[in-house]
Amino acid sequence: MNLKGKKGVDISAINGDVDIKKIKAAGYDFVMIRCGYGSDIKDQDDTQYENNVRKCEAIGMPWGAYLYSYALNIEEAKSEARHALRLLNGKKPTLPLAFDMEDADGYKARNGMPSNKTLVNICKTFLSTTSRAGYYSTLYASLSWLNNQLNDKSLLDNYDIWCAQWSTQCDFKGKKLGMWQYGGEINYLESNSIPGVGVIDKNKAFKDYPAVIKKGGWNGWPKEKILDSQGYKKGQKSDGILAIKELLLIAKSKGIIKSGMDENGSFGNGTENAVNEILKIGAYKQNGIAGDNFIKYLTKLIREKI
């Protein structure tokens, strides 16, 4: 499923034991899950995180994670990065890991609010650390914080932004807007709740994150290998396609593939299935395209069987 333009929710232990099936049934297509908050202390793991991940994966609901920051300095930001990486170890989310930078409970204000420069550096420390570890890392903050405390091009132009603005539109002007949290307790676009779930934060995705993450090899996913981006594909008809089909028939006779071919001169469903079966052998993206590299690879497979 292409998540660009789709709606989702974000949840934490505050929402209790959430029924993910009801979220999906209500028409929401992804979930951002709080994994924890603050430094790498087990007591600061979100108590519903593992449960929420299991429920999402059980029904094929795309999910990502976020960690709420209490960091007041760089060392604490490093610990928060270790916290998120520990909780994501062995998991393969198809949405980003987000760093939640705000002061919703006034902790930062009570403990000497860091300067804007320090807040920016805290964000950059977390995001760069988790990115180097292979996770597609993004920044969550309110529009106000993005325009004021975190308004630094070296931050905002280098990481996707998940902007919180409970309004009828998102007014963030940066070039890296990835998601928009458009409502929570207050929602100007729709109900602030989901039947059987309760009041919940709602979001919209501006990127197809599962495709971006899988293609880039982020979040534990193997990087997609593409054999050909141009070549013959379904719907075409030519002498070249006839030649490819002859090679595919030879491959079938040698037991390399099982798929049959279309009984005509065109590139139909059967040919596409056969091409994708060959691509799967080499762990290439199964895009149904048979170009020059495909022909060379298929010929190599046949020769190895002769």
Side-chain angles (χ1 to χ4, degrees), residues 7-26 28-72 76-77 79-111 122-123 126 130 135 137-142 145 162 164 166 179-187 191-203 205 209 219:
K7 296 190 300 183
V9 303
D10 60 270
I11 57 176
S12 71
I14 296 170
N15 298 97
D17 188 5
V18 179
D19 191 331
I20 304 296
K21 290 181 179 178
K22 288 183 179 178
I23 291 174
K24 190 171 186 177
Y28 297 86
D29 295 300
F30 64 88
V31 178
M32 292 295 291
I33 303 169
R34 188 179 73 170
C35 60
Y37 54 90
S39 296
D40 190 14
I41 302 168
K42 192 168 180 59
D43 286 348
Q44 294 182 171
D45 297 354
D46 188 291
T47 56
Q48 286 292 328
Y49 168 64
E50 295 288 351
N51 188 32
N52 285 329
V53 170
R54 281 194 297 270
K55 288 184 288 187
C56 282
E57 295 192 339
I59 63 171
M61 175 71 90
W63 66 276
Y66 71 94
L67 183 130
Y68 184 98
S69 177
Y70 281 104
L72 299 174
E76 291 178 354
S79 182
E80 292 186 341
R82 292 194 296 272
H83 192 180
L85 293 174
R86 170 172 61 81
L87 291 169
L88 284 170
N89 185 38
K91 296 179 172 60
K92 294 165 65 176
T94 54
L95 273 86
L97 164 62
F99 188 52
D100 184 345
M101 175 53 76
E102 55 181 301
D103 195 26
D105 58 3
Y107 173 86
K108 294 182 180 70
R110 291 193 304 273
N111 289 275
I122 286 170
C123 294
F126 180 98
T130 54
Y135 290 90
S137 302
T138 68
L139 173 63
Y140 169 95
S142 69
W145 274 59
W162 176 13
W166 295 355
M179 289 195 295
W180 169 35
Q181 186 188 79
Y182 60 84
E185 291 85 1
I186 298 171
N187 194 316
S191 170
N192 68 355
S193 63
I194 293 176
V197 175
V199 175
I200 196 165
D201 293 341
K202 298 181 180 181
N203 305 272
Y209 277 116
N219 297 5

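This one's a predicted model, so the numbers in the text were calculated from it and none came from an experiment.
Between Asp105 and Arg110, the closest heavy-atom pair is O-NH1, 2.7 Å. Annotation for Gly184 and Asp201: closest pair CA-OD1, 3.2 Å, computed over non-hydrogen atoms. The two residues Leu95 and Pro62 come nearest to each other via the heavy atoms CD1-CB, 3.5 Å. Of all the heavy atoms in Gly38 and His83, the pair that sits closest is O-ND1, 2.9 Å. Of all non-hydrogen atoms in Ala13 and Thr47, the two that sit nearest each other are CB-OG1, 3.4 Å. Nearest heavy-atom pair, Leu88 versus Pro93, reported as atom, atom and distance to 0.1 Å: CD2-CG, 4.1 Å.
Residues Met179 and Met32 form a side-chain contact, since some pair of their non-hydrogen atoms from C-beta on lies under 4.5 Å apart. In this structure, the side chains of Tyr182 and Lys202 come closer than 4.5 Å at one or more pairs of heavy atoms.
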Check: When you look at Tyr49 and Val53, which way does the side-chain contact (heavy atoms from CB on, under 4.5 Å) test go after all the steps?
Finding: CA-CA 6 Å; Tyr49 168 64; Val53 170; 3.6 Å; yes
Next item on the list: Would you sort out whether Asn192 and Ile186 count as a side-chain contact (heavy atoms from CB on, under 4.5 Å), showing the intermediate values?
Entry: CA-CA 6 Å; Asn192 68 355; Ile186 298 171; over 6 Å; no
Item checked: Test side-chain contact (heavy atoms from CB on, under 4.5 Å) applied to Gln48 and Ile14, step by step -> CA-CA 9 Å; Gln48 286 292 328; Ile14 296 170; over 6 Å; no
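Rounded to the nearest 0.5 Å, atoms CG (Leu97) and CG (Leu67) are 7.5 Å apart. Residue Cys123 holds its SG atom at 9.5 Å from CD of Glu80, rounded to the nearest 0.5 Å. From Cys56, atom SG reaches atom NZ of Lys24 across 9.5 Å, with rounding to the nearest 0.5 Å. Rounding to the nearest 0.5 angstrom, the gap separating the CG atom in Asp29 from the NZ atom in Lys7 is 9.0 Å. Distance check, rounded to the nearest 0.5 Å: OH of Tyr140 to CE of Met101 gives 12.5 Å.
The salt bridge (charged side-chain N to carboxylate O under 4.0 Å, His left out) search around Asp40 returns Arg86, not counting sequence neighbours. For Ala26, the side chain to side chain contact (heavy atoms under 4.5 Å, CB included) test picks out Tyr28, Ile194, with sequence neighbours left out. With sequence neighbours left out, the side chain to side chain contact (heavy atoms under 4.5 Å, CB included) criterion links Asn15 to Ile11, Ser12, Val18, Ile200. Residues that satisfy the ring-ring contact (aromatic ring centres under 6.0 Å, His included) test with Tyr37, not counting sequence neighbours, are absent from this structure. Among residues two or more places apart in sequence or in another chain, the side chain to side chain contact (heavy atoms under 4.5 Å, CB included) test is passed with Ile41 by Ser39, Asp43, Gln44. Residues passing the side-chain hydrogen bond (donor to acceptor under 3.5 Å, both in side chains) test with Thr130 are Ser137, sequence neighbours excluded. Under the ring-ring contact (aromatic ring centres under 6.0 Å, His included) criterion, Tyr135 pairs with no residue at all, not counting sequence neighbours. Residues that satisfy the side chain to side chain contact (heavy atoms under 4.5 Å, CB included) test with Ala104, not counting sequence neighbours, are Tyr68, Glu102. Annotation: side-chain hydrogen bond (donor to acceptor under 3.5 Å, both in side chains) contacts of Asp10 (sequence neighbours excluded): Gln181, Asn203. Scanning for ring-ring contact (aromatic ring centres under 6.0 Å, His included) contacts around Phe30 gives an empty result, with sequence neighbours left out.
Residues in residues 52-72 take part in these salt bridge (Lys or Arg N to Asp or Glu O under 4.0 Å) pairs, two or more places apart or across chains: Asp17-Lys55. Evaluation of the salt bridge (Lys or Arg N to Asp or Glu O under 4.0 Å) test over residues 90-100, restricted to residues two or more places apart or in two chains, returns Glu50-Lys91.
Relative orientation of the Trp162 and Tyr66 rings is perpendicular, given thresholds of 30° and 60° on the angle between their planes.
Checked by atom type and distance alone, the side chain of Asn111 pairs as donor or acceptor with a backbone atom of Tyr107 at under 3.5 Å.
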